Amino acid sequence: MIVPRLHPDTIEEVKQHVDIVDVISQRVVLRKRGKDFVGLCPFHEEKSPSFTVSPTKQFYHCFGCSAGGNAITFLMELDKRSFSDVVLDLARSHQLQIETMAPEERQELQRQITLQEQLYQVLALTSSFYQHALREPSLGETPREYLRSDRQLREETIQQFQLGYAPPGWETLYHYLVEVKGYSVKLVELAGLILPRKNGSGYYDQFRDRLIIPIQDIQGRIVGFGGRTLGDDKPKYLNSPETPVFDKGKTLFALDKAKDAIAKLDQAVVVEGYFDAIALHAAGITNVVASLGTALSATQVRQLLRYSPSKRLVLNFDADAAGRTATQRAISEVADLAYKGQVQLRILNLPDGKDADDFLKLSGTPKPFQQLLADAPLWIDWQIQQILKGKNLQKADQFQQVSKQTIALLRQIQDSTSRTYYINLCAQLLSSGDSRLVPKLAQDLLIQVKKPQLQADKQKSQQQDKSIELPVNSDRQRLAQAEVLLLRVYLHYPQYRSEIIQALRDKALDFTRQHRFLWSQIQQVQQSLELTSPHLLSKLQDHCLQFSQQMAQVQPLFYLDEKTQRDIRRTPLIIQAAIACMERAICESRSRYCLQRWTNTDRVRDPEGWHYYYKQFYQAKQRISEIDRLRQTSLLDLVQVPWEGDV
């Protein structure tokens with residue numbers, strides 16, 4: 001809604017009445033430390049609390065990311081809301097008088113506030129109506145029997161979750177709210193309780209002949225309902241539509257009841273259905289919430305993680321195909337945090353595909369569920385289990401399929417210690433019990449897992465090589481002269497073209513930007529000629545007439561004067577010298593790149609990367625030393641001969 005400009009007196013009154021600890025403790029688990037409170041900062045990811053709240057100063061500060069401010073600032077930054085919106089919400093929740101700068105704005109503000117309050121009011125009244133219907137001797141007999149016999153719920157649990165019953169009539173609730181209680185049709189429709197008939201002749205109830213489960217927000221206010229059919233109606237479960245006070249993607253069933261237990265146990269459990277959550281709460285396992293029939297969203301995950309200091313989350317969805325899909329979607333929502341090891345995500349699949357409600361009924365006690373919860377595998381172990389499920393590793397095609405999926409999974413793990421552990425684990429699983437195969441499989445997995453990074457590093461290094469910036473002018477000149485010499489030999493001595501191409505390929509060399517365009521044009525013209533054709537030079541000159549600007553600097557290469565003819569006679573040595581010079585330049589570039597990466601790699605967190613870049617740096621430097629020893633025999637000095645007319 002549009003929030004008008006608030007009067008300064010209202011802002012000051014909010015600051016005086018709002019306690020920062022009360023505000024922040026609703027979003028962050030705080031623990032008292034001396035005069036202050038501490039917790040995990042909600043503005044950045046951390047494992048040790050650096051977020052401090054001072055009740056005496058009414059101020060918060062994070063020593064990790066430097067976030068700080070008062071209660072208003074906290075809500076603005078966390079929820080990305082405007083100053084006026086936050087002040088207005090705080091004033092309303094503390095029942096403070098709200099004044100705006102203009103009377104007409106005050107009226108609009110009051111209208112919008114009144115609308116939300118009216119929605120909460122009509123939803124609360126509707127919940128009471130449904131609860132009363134459940135307790136009607138004749139009307140509620142069937143749903144009461146269902147709760148007692150099928151769901152085995154005690155009366156205190158039914159009351160705790162305010163369960164109710166929507167009568168079977170098409171306009172029962174409509175009649176009660178509109179005609180008896182006098183609420184406007186538009187308000188009741190906006191609350192998601194009635195729907196307009198297609199023919200425009202009136203309205204009918206959203207929920208009919210359904211067991212009703214109220215959905216509450218974090219403050220315990222009823223924002224919507226879930227309805228479970230007692231007959232053959234479809235769908236089996238029906239939720240309220242989204243309204244101004246109900247957003248499915250931002251609401252978790254029973255979070256208002258579970259938040260304290262989540263903070264105390266430092267663990268949140270997410271189940272798939274309403275009755276799974278209700279049954280677990282009834283059994284004394286109260287750190288449980290349920291999604292609302294939709295995929296678990298990132299917003300819902302963040303809500304839960306606020307209450308668990310160690311970011312411990314367990315997903316207990318059904319073991320059927322839909323449940324596995326829901327689990328994979330939920331994993332994807334926290335993928336970045338999970339792959340970095342910043343969320344302790346576990347997956348619990350109950351035996352025989354049972355849901356939590358059925359499992360508790362069969363076991364008769366919560367202890368087996370609690371034990372399975374304690375033993376729930378980490379998310380990546382669960383995913384490996386799913387990859388292997390139903391596969392025969394003795395068959396080549398299935399072994400290859402499992403290997404590919406496993407490698408794709410392992411590549412996502414960023415923590416090197418965890419990655420090493422899981423590479424060895426997967427090697428054992430792929431070995432089918434043959435311990436002799438484990439080392440080779442582990443080595444193969446490691447190579448495949450690191451392949452994309454190594455290819456990326458190689459491409460990056462090659463990109464750098466293509467635009468080599470040598471630190472010493474003489475090195476640049478030497479490289480340019482080496483390339484000029486090699487191109488002259490290629491153009492004017494056809495018998496050596498094969499040797500030059502082979503040398504470039506063997507060393508994976510490419511020309512620098514100065515000569516790369518000419519080399520590409522040579523290769524293009526060469527396609528229509530034999531490799532040793534004497535006509536290459538004349539064809540190239542004709543072809544390059546259309547590129548006069550690009551070819552201007554390399555035109556001298558098309559000609560040989562008396563001096564260059566004399567100096568180029570020792571062609572085999574000339575080729576070796578030029579190739580060596582080009583290779584040295586690339587080795588220098590690669591050694592600088594690897595040295596930088598090695599310096600910036602944490603040896604403790606990424607020992608594989610640290611050792612890899614050090615090895616690459618060492619090998620590059622070793623190769624440079626070998627090339628320099630060749631220079632001492634005057635081999636490379638050949639390329640330092642000044643060329644008349646060269647670029």
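Only this structure's heavy atoms are used, side chains among them; waters, hydrogens and symmetry mates stay out. Keep in mind the model is a prediction, meaning the values are calculated, not measured.
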Worksheet item: Out of Arg590, Arg597, Gln596, which residue meets the side chain to side chain donor-acceptor pair (under 3.5 Å) rule with Tyr593?
Response: Arg597
Donor-acceptor pair, side chain of [X] and main chain of [Y], under 3.5 angstrom:
X: Asp352; Y: Lys354; answer: no
X: Glu46; Y: Cys41; answer: yes
X: Arg516; Y: Phe511; answer: yes
X: Arg411; Y: Gln448; answer: yes
X: Ser589; Y: Ile586; answer: no
X: Asn424; Y: Thr420; answer: yes
X: Gln267; Y: Lys311; answer: no
X: Ser363; Y: Thr365; answer: yes
X: Arg346; Y: Ala376; answer: yes

State the [atom1]-[atom2] distance between [X] and [Y], to the nearest 0.5 angstrom.
X: Phe253; Y: Ser291; atom1: CZ; atom2: OG; value: 11.5 Å
X: Asn316; Y: Ile347; atom1: CG; atom2: CD1; value: 9.5 Å
X: Trp379; Y: Leu345; atom1: CH2; atom2: CG; value: 7.5 Å
X: Gln527; Y: Ile522; atom1: CD; atom2: CD1; value: 13.0 Å
X: Leu350; Y: Leu360; atom1: CG; atom2: CG; value: 8.5 Å
X: Thr251; Y: Asp247; atom1: OG1; atom2: CG; value: 6.0 Å

[Y] side chain reached by [X] side chain, heavy atoms, under 4.5 Å:
X: Val29; Y: Ser308; result: no
X: Leu304; Y: Leu255; result: yes
X: Phe317; Y: Val270; result: yes
X: Leu388; Y: Leu429; result: yes
X: Phe369; Y: Ile285; result: yes
X: Tyr422; Y: Ile413; result: yes
X: Leu504; Y: Leu486; result: yes
X: Leu445; Y: Cys426; result: yes

Side chain to side chain donor-acceptor pair (under 3.5 Å) involving [X] - partner list, sequence neighbours excluded:
X: Arg497; result: none
X: Tyr490; result: Gln526
X: Thr599; result: none
X: Trp382; result: Asn349

Worksheet item: Does anything in residues 273-285 pair up under side-chain hydrogen bond (donor to acceptor under 3.5 Å, both in side chains), and if so which pairs, sequence neighbours excluded?
Response: Asn239-Tyr274
Item to complete: Run the numbers on Ile500 and Ile575 for side-chain contact (heavy atoms from CB on, under 4.5 Å), then give the verdict.
Response: CA-CA 7 Å; Ile500 292 173; Ile575 294 173; 3.9 Å; yes
If you take all heavy atoms of [X] and [Y], which pair is closest and at what distance?
X: Val484; Y: His515; result: CG2-NE2, 3.6 Å
X: Val28; Y: Pro42; result: CG2-CG, 3.8 Å
X: Ser591; Y: Ala620; result: CB-CB, 3.8 Å

Response to the item:
Contacts satisfying ring-ring contact (aromatic ring centres under 6.0 Å, His included) that involve residues 400-420 (not counting sequence neighbours) are none
Discussion item. Going by the rule side-chain contact (heavy atoms from CB on, under 4.5 Å), which residues pair with Ala261 if we only count those two or more places apart in sequence or in a different chain?
Written reply: Thr286, Asn287
Residues that [X] engages under salt bridge (Lys or Arg N to Asp or Glu O under 4.0 Å), provided they are two or more places apart:
X: Lys440; answer: Asp444
X: Arg436; answer: Asp434
X: Glu583; answer: Lys507, Arg623

Fill in: Qualifying salt bridge (Lys or Arg N to Asp or Glu O under 4.0 Å) pairs with a residue from residues 365-388, counting only residues at least two apart or across chains
none
Discussion item. Under a plain distance cut-off of 3.5 Å, with no hydrogens placed, do Gln502 and Asp506 share a side-chain donor-acceptor pair?
Written reply: yes
Worksheet item: Strictly by modelled atom types, are Thr512 and Glu483 linked by a side-chain donor-acceptor pair under 3.5 Å?
Response: yes
Donor-acceptor pairs are to be reported for all side-chain atoms of residues 396-409 against protein atoms at under 3.5 Å, with residues two or more places apart or in another chain.
| residue | atom | partner | partner atom | Å |
| --- | --- | --- | --- | --- |
| Gln398 | OE1 | Asn392 | N | 2.6 |
| Ser403 | OG | Phe399 | O | 2.8 |
| Thr406 | OG1 | Val402 | O | 2.7 |

Discussion item. Can you tell me how the ring of Tyr614 sits relative to the ring of Tyr618, calling it parallel under 30°, perpendicular over 60° and tilted otherwise?
Written reply: parallel
Practice prompt. Report, as yes or no, whether the 6.0 Å neighbourhood of atom CD on Gln619 holds more than 12 heavy atoms from other residues, nucleotides or ligands.
Written response: yes
